[in-house]
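These values consider heavy atoms only, across backbone and side chains, with no hydrogens, waters or symmetry-generated copies.
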Amino acid sequence: MNTLHNPPPLNLAKNLPNEILSDIFWQLTEMPPYTAERSLSSVLLVCRRWNVVAISTPDLWTTLTITSGSVTRVETVLSRSKGVTVNVIIGEILDWDEGTAMIVELIHAHLHRIRNLSLFKTPSHLVSQILARLCIPAPRLELFAIVNPDFLSNYERLLLPSSFLSEGAPQLKHLLLDHSSIPWSSPLYHNLSTLLITLEHIQAAPSSDLFLSVLESCPQLEQLQLIAAGPILYQDAVLRRSNRRARLPALRYLTLSFTTISQTTYALSHILSPSIYSLRITTTAPDGWDLVDDIMPFLAETCEASGASASDIDCISFAPTTHEEEQMSFVLFLPSGGHLILDVDNISPRNIFTSFTSVLGAGWPLPKQLIVMLPRNETLAVSDWKIALRGWTGLERLTLIRGDEHLVSALGSGEDTSSSEPEGENNSFICPSLTNLTCEAPINSPTGLSEELSSNLVRCLKHRQARGLRLSTLSLRGFIVAEADQKLLEGLVDTLLVLPPRDPAAVNPSRLTAYPPVLRNALRAIDCV
């Protein structure tokens, strides 16, 4: 019996206003799998009212994924979205048939209200056929992308038909092309905020002047990535760098990847980006690449492109890249919080690090912070560490990943020198200004502090303290330190920090991790499949 103290249960299907129901349904489409077709499939079956509300709310039907020739399904979604802007994702269609042709005609008819148009792993032989039909204005288009996360295994480079969007897309902000190319003279290269091109067709490569013109027409460009794309430096070229730079005040992320140093330098010489946060360069060093004669001018070009100078460098990191230990990665940290990353193949991490201090004579001041991680098979001897760090007299903070016992020994012993200076002088020790030392385990779970590393630390700290070089802070990250060792170390430094391992990066199963957020968001409906 229903009473005042025992009211009847609320019937949500009948009592919720249509506006609230629509909002709830919209929230469902904002969660995986991100499309009304899949997110609301059960909702449509609850009752007739819910079905009517869902179907008559256009904003719920704004994402359309096409992976087969189901013309009726495409027509249904486009009909339910009425006149609102839509996102269209064309997936792995295998063949051009009557159904595919009809779907393309539907896209053509609704191109005027498409906001994001993406082709995801669409076979190359179909891309041209699909895009050749899209030759009318696209007044609301903000993003166009041809995406293939496996592009490195696909060496075919496609030149898109000249008729594609030939009548313009004035709102286009994001252009992303994997092994597909649009001539740089296209009106699409205008006022962009994101431009990513991978494996450009040789016939689409711009001249230096055309490349500069495009960059200057994109003053709001925030992210630029060129992988084997952009202006080409021919072997017989007289000029090896551009005679002027395009200033990109909004550019925050710049990635360049070329097979040669000269091509990389040439592309970089066109750019000035004073607001850069991340500059990443991947290239291959020629045999016999010399530190002072070759590397330092290249790093100077890198700094110039970012509006920085050698004196601005706050910290340098040396490490093998995470995916290949035969490749060396320099990271130059700037006081602004930005960083310049240089990944170079065909270069010995050991040799480049041990010889780096020779730049003291080349006008490059060494920074006060240094991070070092050498490959497992390239551990340095104590004498090598002394040579490598001899010039770092102003170094204040040193981080060593993989906690090298030989480095610790080198820090605690005087240099071998033939000078007449007394044995006890501070300048017989490397890194006399060092105040903070961090030893970090290379794995993401705690590991025991080895007896050798522990004893070398104690010996090092005692020797430096006896010479008036007592450390302010010793940090041991990711190590399990025995209580007795901890007490002993605490007496030799002002502060001892025993820190847990760094949290491992969250495993991201996305196939689009390397792409910018704007594209990951546009393709979320197909990326979660």
Side-chain angles (χ1 to χ4, degrees), residues 142-145 169 171-178 181-182 184 186-198 200 205-233 241-258 263-283 298-310 312-314 329-343 512-522:
E142 297 179 8
L143 179 146
F144 175 70
Q171 299 302 316
L172 187 68
K173 300 296 181 186
H174 312 286
L175 181 60
L176 306 98
L177 304 171
D178 279 345
S181 306
I182 298 174
W184 288 72
S186 167
L188 299 181
Y189 290 100
H190 180 75
N191 207 28
L192 297 172
S193 59
T194 304
L195 176 58
L196 277 70
I197 305 178
T198 299
E200 186 171 55
S207 65
S208 175
D209 288 340
L210 181 55
F211 183 60
L212 286 167
S213 176
V214 168
L215 295 182
E216 289 167 348
S217 72
C218 300
Q220 300 306 312
L221 190 65
E222 297 178 4
Q223 182 159 0
L224 174 62
Q225 175 178 297
L226 300 176
I227 299 179
I232 295 177
L233 179 66
R241 61 198 310 274
S242 172
N243 55 14
R244 66 185 179 90
R245 296 178 184 269
R247 184 178 179 85
L248 300 172
L251 190 65
R252 296 280 289 161
Y253 302 93
L254 173 61
T255 300
L256 300 176
S257 180
F258 298 96
Q263 178 62 60
T264 307
T265 303
Y266 182 61
L268 195 61
S269 70
H270 293 77
I271 298 169
L272 175 60
S273 50
S275 300
I276 197 76
Y277 174 76
S278 175
L279 168 57
R280 184 163 207 134
I281 296 173
T282 302
T283 189
F298 183 63
L299 289 179
E301 183 76 47
T302 303
C303 288
E304 185 177 350
S306 63
S309 68
D312 292 329
I313 298 174
D314 193 46
S329 180
F330 299 88
V331 185
L332 312 180
F333 296 90
L334 303 175
S336 62
H339 52 276
L340 316 178
I341 304 172
L342 175 61
D343 297 330
L512 304 173
T513 303
Y515 293 89
V518 65
L519 181 66
R520 295 201 300 270
N521 184 63

Engineer: Looking at P231 and Y266, what are the two nearest heavy atoms and their distance?
Structural biologist: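 Between these two residues, the closest heavy atoms are CB-CE2, 3.9 Å.
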Engineer: Is it true that a side-chain atom of S217 and a backbone atom of Y189 form a donor plus acceptor pair closer than 3.5 Å?
Structural biologist: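 It does hold such a pair.
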Engineer: How long is the span from the CZ atom in R241 to the NE2 atom in H270, to the nearest 0.5 Å?
Structural biologist: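 So the gap between those two atoms works out to 10.0 Å.
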Engineer: Quick one, R280 and S257 - any side-chain contact, counting heavy atoms below 4.5 Å?
Structural biologist: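 With C-beta onward as the side chain, the pair stays apart.
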Engineer: Evaluate side-chain contact (heavy atoms from CB on, under 4.5 Å) for I341 paired with D343, printing each intermediate quantity in order.
Structural biologist: CA-CA 7 Å; I341 304 172; D343 297 330; 3.7 Å; yes
Engineer: Could you measure the distance from the CG atom of L177 to the CD1 atom of I182? Nearest 0.5 Å is fine.
Structural biologist: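 Rounded to the nearest 0.5 Å, the CG-CD1 separation comes out at 5.0 Å.
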Engineer: Got T302 and L342 here, is their nearest side-chain heavy-atom distance under 4.5 Å?
Structural biologist: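 T302 does not reach L342 side chain to side chain.
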Engineer: Among Q223, E142, K173, whose side chain to side chain contact (heavy atoms under 4.5 Å, CB included) with S193 holds?
Structural biologist: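 Exactly one option meets the side chain to side chain contact (heavy atoms under 4.5 Å, CB included) with S193, and it is K173.
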Engineer: Going by side chain to side chain contact (heavy atoms under 4.5 Å, CB included), L254 matches just one of L248, I271, L221. Which one?
Structural biologist: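 In the set L248, I271, L221, the residue that makes a side chain to side chain contact (heavy atoms under 4.5 Å, CB included) with L254 is I271.
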Engineer: With rounding to the nearest 0.5 Å, note down the distance linking OG1 in T194 to OH in Y515.
Structural biologist: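 Answer for the OG1-OH pair, T194 versus Y515, is 14.0 Å.
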Engineer: Check whether any side-chain N or O of E304 sits under 3.5 Å from a backbone N or O of L272 as a donor-acceptor pair, and report yes or no.
Structural biologist: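 No, the answer is negative, given that no donor and acceptor are paired below the 3.5 Å cut-off.
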Engineer: At what distance, to the nearest 0.5 angstrom, does CG of L233 lie from OG1 of T265?
Structural biologist: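 Rounded to the nearest 0.5 Å, the CG-OG1 separation comes to 9.0 Å.
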Engineer: Does the side chain of L224 reach to within under 4.5 Å of the side chain of L226, using non-hydrogen atoms?
Structural biologist: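 The answer is yes; the side chains approach within 4.5 Å.
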Engineer: Decide yes or no for L176 and Q225: does some side-chain heavy atom of the first lie under 4.5 Å from some side-chain heavy atom of the second?
Structural biologist: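 No - every pair of side-chain heavy atoms lies 4.5 Å or more apart.
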Engineer: Which atom names give the shortest non-hydrogen contact between W184 and G230, and what distance separates them?
Structural biologist: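 In this case the closest contact between W184 and G230 is CZ2-CA, 4.2 Å.
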Engineer: Judged by atom type as modelled, is there a donor-acceptor pair below 3.5 Å linking the side chain of S242 to the main-chain atoms of R245?
Structural biologist: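 Absent.
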Engineer: Is the backbone N or O of A250 less than 3.5 Å from a side-chain atom of Q220, with the two atoms forming a donor-acceptor pair by type?
Structural biologist: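 Answer holds: no.
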Engineer: How long is the straight-line distance from CD1 of I281 back to OG1 of T283, given to the nearest 0.5 Å?
Structural biologist: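 Rounded to the nearest 0.5 Å, the OG1-CD1 separation comes out at 8.5 Å.
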Engineer: Tell me, do C218 and L195 make a side-chain contact under 4.5 Å, heavy atoms counted?
Structural biologist: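 Result no, sub-4.5 Å side-chain heavy-atom pair not found.
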Engineer: Yes or no on side-chain contact (heavy atoms from CB on, under 4.5 Å) for I197 and L175, after CA distance, side-chain angles and deciding distance?
Structural biologist: CA-CA 8 Å; I197 305 178; L175 181 60; 6.0 Å; no
Engineer: Taking all heavy atoms of A205 and all of E200, pick out the closest pair and write down the distance.
Structural biologist: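 Shortest heavy-atom separation between A205 and E200 comes out as CA-OE1, 3.6 Å.
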Engineer: Using a 4.5 Å cut-off on heavy atoms from C-beta on, say whether the side chain of S278 contacts that of L340.
Structural biologist: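 Not in contact.
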Engineer: OG of S269 to CG of L212: how many Å apart, nearest 0.5 Å?
Structural biologist: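 So the gap between those two atoms works out to 8.5 Å.
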